[in-house]
Protein chains: 2
Amino acid sequence: MSPKEKKGEITINDIAKELNISPSTVSRALNDNAKISEATKNKVKAVARDLGYELNLVASSLSKNKTNVIGVIIPHLGSQFFAKALSGIQEVARDNGYNVIISQTNESVQQEVEMTRVMNSARVDGLVCCLTMETDNVDHFNVFVKKSIPVAMFDRVSYAVPGPKIVVDNYEAGYVATEHLINLGCKRIAHLAGVVSSKVFEERSEGFKDALKKHSLPLLSQFLLSSDLTEQDARDAVRLWMNLPQRPDGIVAASASSGLIIASAVKALGIKLPEELSIISLGNERCNEFVTPSLSAVDMPGYEMGKAAVTQLIKCINDGVSDSSITLKPIQLLIRNSSFKH
Amino acid sequence: MSPKEKKGEITINDIAKELNISPSTVSRALNDNAKISEATKNKVKAVARDLGYELNLVASSLSKNKTNVIGVIIPHLGSQFFAKALSGIQEVARDNGYNVIISQTNESVQQEVEMTRVMNSARVDGLVCCLTMETDNVDHFNVFVKKSIPVAMFDRVSYAVPGPKIVVDNYEAGYVATEHLINLGCKRIAHLAGVVSSKVFEERSEGFKDALKKHSLPLLSQFLLSSDLTEQDARDAVRLWMNLPQRPDGIVAASASSGLIIASAVKALGIKLPEELSIISLGNERCNEFVTPSLSAVDMPGYEMGKAAVTQLIKCINDGVSDSSITLKPIQLLIRNSSFKH
DNA sequence: TAAAAAAATGCAAGCGCTTGCATGGATGAT
DNA sequence: ATCATCCATGCAAGCGCTTGCATTTTTTTA
């Protein structure tokens, strides 16, 4: 080993020495700077390859004041929606030369705040995130706003912070799903909604209500339940509804997972799906098509939203403009066997 | 605006000037260095807070030659197994002060190679990865080995590169699942296996075969199919088996998704589950419990494996030792309704 | 063939933080 | 009061790369 065994990292200085030129020339050559002759570029690249040189992104980031890193803050990776979103995010990031550093809040606002701090420390070039269900104060994003670091939000967004917003038309989702049941002949439709404090769920509820209104169907107060959409909430709702003298003949579940649980709970009660009851959920999981009967759903395009979010984000990073563009993505109605024509 | 509007970033120099002390003292104070008096520490921290100072991790990383970043390379985020693994990875990484940069190979070796290059450029402190199904040459990990940067592998691992290996006992999984069917009274058990080139699937197959042998059951050649486990593969297998004069009365699916598809295809043929046929899959997805009948499975602990991988990795990072420890995680047999006592 | 223009390269500072070593001041022992 | 000890802080170099400007080399033009 050499006396100064420097952890073995090859630097541009090593290349420079090898060729008897200056480090600046090496740097420029490797970056294909126009003012460097083809001859030296080739020589430099050849030596770099021979020596096994690999750019030190840390040093590069520091001097360029640009990390080429995009931070991602999402609630959790447990749901397919977010996993797909992350997948989309990572793919377009990679295609654009960005790395992705990721973190989950687990729906904790405190974690969210903490993570913005970390992302700031990491000096990410941009942030894409989906707020927790409880986030109402978004001051923790001010650091980025102040520094003109773009923040793209998707699904659960806040218009209080500038930047791209990628949302699905949740009102439309609720409306379309409900109307689907109505068209099937359902007269007594119930809705297990999410917390109203969340825009997403509020809009879905609105869509639900308006669809009923539009078709002159009554909205029974007991038929509109708001909850955290946990497994227990779904079971409770089913118990409540199915013990009613007048059971619902259609259910709109505000989320994919609650829909699954509702369907399973209902079946456990011996109720025939979809003959006695139609179900549709707002949000689709792959297993919706494997259950019996397969579960109709309005699909939320997680993958596409993730892709769109970074695409917009990168646009902001490049064009300097941290403008607030609103993209509404279409939703897709997946009709399966859990909803039934009467 | 000040004449030199420096992007607004507060540095330790700003704090130093403010307090008329040297930047070194500020640095040490913020890092709770023992040689700094409590008095100055407090002053420094107070000013830091007031100014909204946030450590520049890039600069810190460069000078410390440590990034506190862990790189993750996984096949894809589509399967719950990997999503959960990533979730576990990120959580323990965060708890230990590490950031996670993530990338998917989509089962492409070329992508895998490319990603190791990126991770190297990013100077990650450690790598955790799950190889693609096709990876046989692992030379692209040599860079890390040479630099003593630990590489932890989970699930699909290669013993050719040193470092922690977190695997599930796949032989056991195959054996246990098969034995379960045997105990239920199945006599003609088929197995849709994965590609044999993959250790994981080879071991599962071995477990399957040995269980049969142990219980003196014949292995019909047509009952052992090897494939890529795509949806089509699963459907083809079902078609083949169900057209046989002597159908199988039990099926062991090598993966969660293929099990789901097999079950669904079989049901579509009007075959009664589990009366006429029992199914169990090696790998569990949440939806296994929602399908009818719910699908028995051997659970592969993705979340735990992810956690274990980083835990081991961090140990390596700290203790300098990049030793090769082999951890076998237990598997869990989830008995549900798709397997039936005859 | 000299002067001017263009092309290629080098110099050196700087990105923000860390850290070994030197220094100054306060405390304690004699 | 004196010198050895600590304790607290400062100095300055360095991490590896980028980049504005200066300098050198080559090419072009008259």
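Keep in mind that the numbers below use all heavy atoms, side chains included, and drop hydrogens, waters and symmetry copies. Chain letters run A, B, ... following the sequence lines, proteins first, then strands; residues in each count from 1.
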Under 4.0 Å between a side-chain nitrogen and a carboxylate oxygen: does that hold for [X] and [Y]?
X: A:K45; Y: A:D50; answer: no
X: B:E304; Y: B:K307; answer: no
X: B:E9; Y: A:K146; answer: no
X: A:D155; Y: A:K165; answer: no

For residues 26-43 of chain A, which residues have at least one heavy atom under 4.0 Å from DNA chain D?
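A:S27, A:R28, A:N31 - these, ordered by number, are the residues of the stretch whose heavy atoms sit under 4.0 Å from the strand.
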
Near-strand residues of residues 49-60 of chain B, defined as heavy-atom separation under 4.0 angstrom from DNA chain D
none

So, for B:P150 and B:I317, which heavy atoms are closest and what is the spacing to 0.1 Å?
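Heavy-atom minimum between the residues: CG-CG1, 3.6 Å.
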
Shortest non-hydrogen contact between B:V69 and B:Y98, atoms and distance:
N-CD2, 3.8 Å

How many angstroms lie between CG in B:N106 and CD in A:E91, if you round to the nearest 0.5 Å?
5.0 Å

To the nearest Å, how far apart are [X] [atom1] and [N] [atom2]?
X: A:N13; N: D:dC15; atom1: CG; atom2: P; value: 9 Å
X: A:N65; N: C:dA13; atom1: CG; atom2: P; value: 21 Å
X: A:I15; N: D:dC17; atom1: CD1; atom2: P; value: 8 Å
X: B:K17; N: C:dC17; atom1: NZ; atom2: C1'; value: 15 Å
X: A:K64; N: D:dT18; atom1: NZ; atom2: C1'; value: 8 Å
X: B:I21; N: C:dC17; atom1: CD1; atom2: C1'; value: 15 Å
X: B:K66; N: D:dG16; atom1: NZ; atom2: C1'; value: 19 Å
X: B:N68; N: C:dC17; atom1: CG; atom2: P; value: 16 Å

Whether the side chain of A:S24 and the base of C:dC11 hold a donor-acceptor pair under 3.5 Å is what I'd like checked.
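Indeed there is one.
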
From the candidates C:dC17, C:dT19, D:dG16, the one with an atom nearest any side-chain atom of B:L62 is D:dG16

Counting only side-chain heavy atoms from C-beta out, which of D:dT9, C:dG14, D:dT19 sits nearest to A:S63?
C:dG14

Between B:T105 and B:S108, is any side-chain donor less than 3.5 angstrom from a side-chain acceptor?
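No, no side-chain donor-acceptor contact under 3.5 Å.
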
Mapping B:T25 and B:R123 onto DNA chain D by nearest heavy atom, which one lands closer to the 5' end?
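Per heavy-atom nearest nucleotide, the more 5' residue is B:T25.
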
Can you check whether B:A83's main-chain N or O pairs, donor with acceptor, with B:S87's side chain at less than 3.5 Å?
no

